[in-house]
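The block underneath contains the structure these notes are about, expressed in structure tokens.
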Amino acid sequence: MSRQSLERNNEQDKYLEAANKLRAQYEATDLQLNRHTKEFASYKYEDDIATEGDDISPKDPAIVAADVAAQITFLRKLKFQYLEQNAKDKYVKSIVSDIDDAPIVTAEDNKELAAVNEEKKKKLKVAKEGLAEVQHNIRTLAPMVEQDYTKVKQATERATMLAQKILDARLALMRLRQTNPHPRLTIPMADQKLVDQVEEMQALSDEVELSKKKTRTVKEQVKNGALEIEKLRIQQAESERAVQALQLEEDDNRLVPLYDWYTASLSLHQSLLGLEESHSVSENELQLVYRIGDSTPPTRISISLIFVPDTRELGGVETTGFDTLGVDTTELIEAHIQSDDVPGLVALLLSRARAAANSV
């Protein structure tokens, strides 16, 4: 045996010893690849743990993107560990095995592996582009889907509210039907009734306008009568002062024409206003009796004016004969007592009584 062959055998022994050491170290190392595979299959993220037991999985694009990023990171680490362990395994097998049995890796095998890797890279690139496009579509369509969901939710709430309103309206309609049995007022009947009411209101408005005109006329007459009475009172006062100044005797012939003139004036005034009697019941009460209408026998009404003692302030009014004509004098008396308008009260009571007597 030559020296070169001995050196070659020693070198092979060194390699063999190193390979045995590496194999022993590999067997002593607990890689636990099976356990890692099971852990990967049963791995749960924090979001999965938080939503465990729920039927609805997270649909938020941000949560999905975070899950995908975490899974990609975990797969890259696992791939790196797998490639590392696979290379170590092949290297150990190629060293510890016999030369004849050792797998021979040629350049053609490397080219085939490179072609396979290139093809896988292309597929991976296409898959990544598809995934990126899907993620972009999710980010783009998520707000639109949320808007549509909001619109649908609002429409659903509105439909529920309208359904409740329809149910309430039906219940109200049923109550109205129970409250108002047949015969019910139809729409044409209601329209006709409305037209009749409008015509009636128009007629009443015309009557009110006519009554206002008559009232204005009567007021003017009463005003003129009041002025005439005031003139007669002034003339009466002047006559009384003249009589007192002359100190006429009862059998003086000049007093008779004056008395006749005053009596005739008073009779004219009474005939104009229809006043039949006027006398003082007491110191603060004046009773007036009027003749109303031209009927036979004539209708008579009485107005008693009660004043506050020692004043000219109207304290109360008593009327008789107005009930037979259907005239309510309560509100009129209260209003004129507050304003202390005696002539206005008497004129208004007479005008109401004459209007009621004419309408009978």
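Values reported hereafter were calculated over all heavy atoms of this structure, with side chains retained and with hydrogens, waters and symmetry mates removed. Positions are given from 1, in the same order as the sequence printed here.
Separating the NZ atom in Lys79 from the CZ atom in Phe74 is a distance of 14.5 Å, to the nearest 0.5 Å. Summarising the geometry, atom NZ belonging to Lys153 is positioned 10.5 Å from atom CD belonging to Glu146; distances are rounded to the nearest 0.5 Å. Between atom CD of residue Glu199 and atom CG of residue Leu204 there is a gap of 12.0 Å, rounded to the nearest 0.5 Å. With rounding to the nearest 0.5 Å, the separation of CG in Asp67 from CD1 in Ile72 is 11.0 Å. Considering CD1 of Ile229 and CD1 of Ile234, their distance stands at 12.0 Å, rounded to 0.5 Å. Rounded to the nearest 0.5 angstrom, Leu131 CG and Glu129 CD are separated by 11.0 Å.
Using a 4.5 Å heavy-atom cutoff, the side chains of Leu305 and Glu285 are not in contact. Pro309 places none of its side-chain heavy atoms less than 4.5 Å from the side chain of Glu283. At least one side-chain heavy atom of Leu348 sits under 4.5 Å from a side-chain heavy atom of Ser351. Contact of the Leu345 side chain with the Pro343 side chain is not registered, since no non-hydrogen atoms from C-beta on lie closer than 4.5 Å. Two residues are said to be in side-chain contact when any heavy atoms from C-beta on lie closer than 4.5 Å; Phe307 and Val342 meet this criterion. Residues Thr319 and Ile333 form a side-chain contact, since some pair of their non-hydrogen atoms from C-beta on lies under 4.5 Å apart. When side chains are defined from C-beta on, Ile303 counts as touching Phe322, because their heavy atoms get closer than 4.5 Å.
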Side-chain donor-acceptor distances from residues 119-128 under 3.5 Å, at least two apart:
none

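A distance-only check finds no donor-acceptor pair linking the side chain of Asp89 to the backbone of Gln85 [under 3.5 Å]. In this structure, His136 contributes its side chain and Ala132 its backbone to no donor-acceptor pair below 3.5 Å. The backbone N or O of Tyr82 sits nowhere less than 3.5 Å from a side-chain atom of Asn86 that would complete a donor-acceptor pair. In this structure, the side chain of Asp341 does not engage the main chain of His336 through any donor-acceptor pair within 3.5 Å.
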List the steps and the verdict of side chain to side chain donor-acceptor pair (under 3.5 Å) for Ser282 and Asn284.
-> CA-CA 5 Å; Ser282 62; Asn284 62 332; 3.1 Å; yes

Chi angles and distances behind the side-chain contact (heavy atoms from CB on, under 4.5 Å) call for Lys223, Lys219 = CA-CA 6 Å; Lys223 185 176 180 182; Lys219 284 184 178 179; over 6 Å; no

side-chain contact (heavy atoms from CB on, under 4.5 Å) assessment of Arg300 paired with Thr320 = CA-CA 9 Å; Arg300 288 180 175 79; Thr320 57; over 6 Å; no

So Lys213 and Glu209, salt bridge (charged side-chain N to carboxylate O under 4.0 Å, His left out) or not? Walk me through it.
-> CA-CA 6 Å; Lys213 291 181 180 179; Glu209 189 66 26; 5.3 Å; no

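Applying the 6.0 Å contact sphere to CE of Met161 captures more than 12 heavy atoms from other residues, nucleotides or ligands.
A side chain to side chain contact (heavy atoms under 4.5 Å, CB included) with Leu210 is found for one member of Lys214, Glu207, Lys212 and no other, namely Lys214.
For Asp196, the side-chain hydrogen bond (donor to acceptor under 3.5 Å, both in side chains) partners are Gln192, not counting sequence neighbours. Checked against side-chain hydrogen bond (donor to acceptor under 3.5 Å, both in side chains), Gln164 has the following partners two or more places apart in sequence or in another chain: Asp168.
In the hydrophobic cluster analysis, where Ile, Leu, Val, Met, Phe, Trp and Tyr join through side-chain heavy atoms closer than 4.5 angstrom, Leu349 is grouped together with Leu286.
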